[in-house]
S.K.: 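The structure that follows is given in the form of structure tokens.
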Amino acid sequence: MKILISNDDGYLAPGILALADALAPIADITVVAPDSNRSGSSNSLSLDRPLSVYRADNGFYFVNGTPTDCVHIALTGVLSFKPDLIVSGINQGQNMGDDTLYSGTVAAATEGFLFGIPAIAFSQVEKGWEHLDSAAKIARDVVQRRFDSLRRPYLLNVNIPNLPYQEIKGVAATRLGKRHESEGVIKSVDPHGREIFWIGPSGAAKDAGEGTDFHATAEGWVSITPLQIDLTHSAQLDALKKGLL
Ligand code: MN
């Protein structure tokens with residue numbers, strides 16, 4: 001099995017190193033990841049400048065671009081083969097509910113999915129890399145599952161609680177929860193006296209009921225949410241059609 005690995009925390013992040021180490025014994029891996037932390041970059045492509053690919057001493061390729069750039073150019077210009085699977089992460093911090101729209105980790109997987117390749121995004125729920133070895137083992141377990149019941153390509157969003165491997169209860173199929181609005185922007189003043197703004201943290205979970213990714217991970221389960229990209233609101237479409245008559 002040939003696996004392309006990317007992330008949004010950058011090619012030096014502990015999460016991608018752990019993921020590559022965990023998958024190397026079971027697959028032919030290639031890492032193409034951003035040169036720096038591009039968390040929150042969503043599905044962005046760099047169209048205003050060229051991209052360069054460099055090779056690190058450990059064999060990882062790194063790119064002066066976004067996670068989406070990395071997977072896009074890997075599939076269209078760097079790799080001489082089509083991977084069987086795209087794996088992204090392991091992200092530092094959860095990507096649950098509405099996070100998935102902003103996440104570069106999910107976006108890297110999504111780019112593979114859009115090219116017709118099964119893809120899995122992995123995130124650890126808490127920041128700080130605690131029990132990263134456990135998360136990497138979980139990621140390997142998930143990659144080794146066949147998911148025969150799913151239509152291909154699939155796009156899976158996996159969130160892993162920061163727990164020792166033995167304390168994780170198992171994997172649960174979930175839906176995305178929802179968050180409250182983001183917390184307020186943080187205002188400050190730059191050295192020139194100009195007002196500056198830091199985007200604040202995401203809001204707390206709003207819909208964290210049973211069946212959601214929030215609920216499963218809080219209970220000690222690994223959540224796996226199958227994602228789709230079609231944003232069409234079918235019920236609204238019907239209402240709109242009626243309204244236009
Ligand atoms: Mn990140």
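All residue numbers refer to positions in the sequence shown, counting from 1. Everything numeric here is computed off the predicted structure, so don't read it as measured data. Every number for a ligand or one of its atoms is a count from 1 in the order of the listing.
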S.K.: About how large, to 10 degrees, is the angle OG of Ser39, then the Mn ion (ligand 1), then OD1 of Asn91?
M.R.: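 Taking the Mn ion (ligand 1) as the apex, the two atoms subtend 180°.
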
S.K.: Please work out whether the ring planes of Phe115 and His72 are parallel, tilted or perpendicular, with thresholds of 30° and 60°.
M.R.: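 Phe115 and His72: perpendicular rings.
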
S.K.: For a side chain to side chain contact (heavy atoms under 4.5 Å, CB included) check, start with the C-alpha distance between Ile120 and Val158, then their side-chain angles and the critical distance, and finish with the verdict.
M.R.: CA-CA 7 Å; Ile120 310 175; Val158 179; 3.6 Å; yes

S.K.: Is the closest side-chain heavy-atom distance between Ile160 and Phe122 below 4.5 Å?
M.R.: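 With C-beta onward as the side chain, the pair touches.
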
S.K.: Can you tell me if Thr68 and Asn43 form a side-chain donor-acceptor pair at under 3.5 Å?
M.R.: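 Absent: no donor and acceptor within the cut-off.
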
S.K.: Among the N, O or S atoms that Asp9 has, which is closest to the Mn ion (ligand 1)?
M.R.: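 This residue's closest N, O or S atom turns out to be OD1.
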
S.K.: Return the name of the atom in Asp8, of element N, O or S, nearest to the Mn ion (ligand 1).
M.R.: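 Considering only N, O and S atoms, Asp8 comes nearest to the Mn ion (ligand 1) through OD1.
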
